[in-house]
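Residue numbers begin at 1 in each chain, while the letters A, B, ... track the order of the sequences.
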Amino acid sequence: MAENYAGAKQLWHKFQLFAASSGTSSRATYSRKRTVMVFVVLSVLLVAATALYLYSRTWARMQPIIQLGIPVSPDAFANILARAIPHLVAMVASAVVLAVVSLSFQTITQSRVLTPSMIGFDSVFVGTQTALVFIFGASHLLFANPLVNFFVSAGVMIVISFFMFGFILRSSRNNTVFLLMFGLVLSGIISSSTRYLQIIMNQSEFFQVQAATSVNINNISADLVWYVLPIIMAVVVVTLLRHRKFNVMSLGPQQAKGLGVAYERELNINLILIAVGMSVATALIGPLTFLGLLAVNAARELLKTYKHMPLFIASSMIATFALVAGQGVMELLRGAVPVTVIINLVGCTYIFYLILKENRV
Amino acid sequence: MIQVQNIVQSYGRDKEILKDVSLTVREHEITALIGANGAGKSTLLSVMTNLVPAQSGQVLLHGQDIRNIKSNELAKHIAFLKQSQQLAIRITVNDLVEFGRFPHCGGKLGDEDKRKVAEALDYLNMGDMAEKYLDKISGGQRQRAFIAMILAQDTPYIFLDEPLNNLDIRYSVEMMKNVQRLVSALGKTVIVVLHDINFASAYAHHIVAMRDGKIAKEGPPCEVVTAQVLDPVFEHKFHIIDHDGKQVSLYYDHDEASACKFCG
């Protein structure tokens, strides 16, 4: 009995030693496990969202025909599916690029509550479209041809936003409150002048501007998607390749400079990438103000890491899920609720929560 | 070897912060920059580390203008710590020290980098704190973690901007002892901005007193910590006493300071 006790005691001691020796690494393995779990769950959700969307675009749409007892030929089915694919690609590409540039924007502004959309990007988009119609007319090539309109409005936005963000960032880096105020005033000025133009333009042009500046995924021209895809992929790849630099930059400009990051150069490169990514995505599917904010912060909450590679991937997956699943639901409801309404509602609530939380800390 | 040549630095139209400053940094020693608020100490430090590029004049590192050295290369020679260490992200001590290896490995740590990180942590007795989060440790420990990061950066030159800010006496002394050890045991060259003249007098080999954007006086503590030099630099009346061969400055007003009323 006593022997047994001594044996058990020794075993317990050994176990404690083992626990102590593995103590330092237990947190690391725990967080790796967590990361793997997050990615598995997100992948499953993504597959489900894609399935939902494709179902909503194919079977759900064919229900009336099937109910009438008319057989659907495989060819017809393939045709319908092929029409949905470019739209799916457009959503995935836009969601990914929005998430990626939102995260890089947050890192260079040292803020968790900002995205380019929130400091006036979306109003620049609407303003550009309105101005194009007002100056050239809705029937002009610049507005009527989706390809030409896309490249012109994306180009104008790239230039405007590059200088705008560059100016704001250079004058008030690390000052979230100032950035928010500036963005608020700026988007106020742009939207009220936009509204003025919309009031004095004729009604049919106004409706065309309205259609062009709201998110309507089913209206995206398939040709455009294939032209835009390489641009978006380039922005995403170039941004992702800098993930280690972003890690250092999240320490703040001074620390990053001290550790050998050419900060001004990085700032310019990233401003160009952000301007291009945001402009292209917005011109492709329309303004999705809160999607980037929602995705990036949800990724941060889930992964609890400062490392940018997992954050980039997770926030891209979350943004894609939100957009594709939201659009799928919208299709099933036959457009009763626009997808932006859902995303902005959730996003708005989330930013309230964030601001209140940051205030308390 | 770092040489500062005729630096003139101004903000705005005619607000000159530095007026023709020239200085040669003494190798393997602690150089302390002292002076009143706005004398240009921090600006000089920023220019010397190229955090702010020199507007006129130049800073030479081994004869080469530091504005022409790639930032990544410069970070292998010069490390600096600025006043505020507020981080926007939540990281552990170990993560922070690993950042010190960035100039060498671009963020992808190899075996040698990991060894240097472990060495730096050991050197500052932070081995058992490596997995603690920076916001969960005391100010003094946090400051030590930043010093460990700079040590992992493995540069011959270290610039510190008011490292004793917000530290109590015990941690301030500990910090200066660590800095001393960097110089005596590892052969580093340290340039440090200090507010407390007595810390400069006790720990620095060389003191540079700045006034109004110019160097008022430089030399060993025994030459600089004198009423003659300090009075105009700080525009204040100093009383210097000798304590075990070190000069100690008393800076409260002598006439007004009354003796303790209980012990007479």
Report task. Give a yes or no on this: more than 12 heavy atoms of other residues, nucleotides or ligands lie within 6.0 Å of atom CE of A:Met37. Result -> no

Requested in this report: Could you tell me which residues in residues 235-247 of chain A have at least one non-hydrogen atom under 4.5 Å from a non-hydrogen atom of chain B, sorted by residue number?
Outcome: A:Arg244, A:Lys245, A:Asn247

Query raised in the report: For B:Lys108, is it the side chain, the backbone, both or neither that has a heavy atom under 4.5 Å from a heavy atom of chain A?
Result: both

Requested in this report: To the nearest 0.5 angstrom, please state how far the CD1 atom of B:Ile89 sits from the CZ atom of A:Arg300.
Outcome: 9.0 Å

Query - Partner set under side chain to side chain donor-acceptor pair (under 3.5 Å) for B:Asp135, not counting sequence neighbours - result: B:Arg90

Query raised in the report: Could you state the interatomic distance from OG (B:Ser46) to CD (A:Gln254), rounded to the nearest 0.5 Å?
Result: 7.0 Å

**Report entry** Over 12 foreign heavy atoms within 6.0 Å of CG, B:Asp111
**Finding:** no

Query raised in the report: Checking B:Ile150 against chain A: side chain, backbone, both or neither under 4.5 Å from a heavy atom?
Result: neither

Report summary line: Max heavy-atom pairs within cutoff under 4.5 Å with chain A, candidates B:Asn72, B:Thr155, B:Asn50, goes to B:Asn72

Requested in this report: Calculate, to the nearest 0.5 Å, the distance between atoms CZ and CG belonging to B:Phe99 and A:Leu259 respectively.
Outcome: 8.0 Å

Query raised in the report: To the nearest 0.5 Å, how far apart are OH in A:Tyr263 and CG in B:Leu51?
Result: 11.5 Å

Report task. Flag the pair B:Phe102 / A:Gln255 as yes when at least one side-chain heavy-atom distance between them is below 4.5 Å, and no otherwise. Result -> no

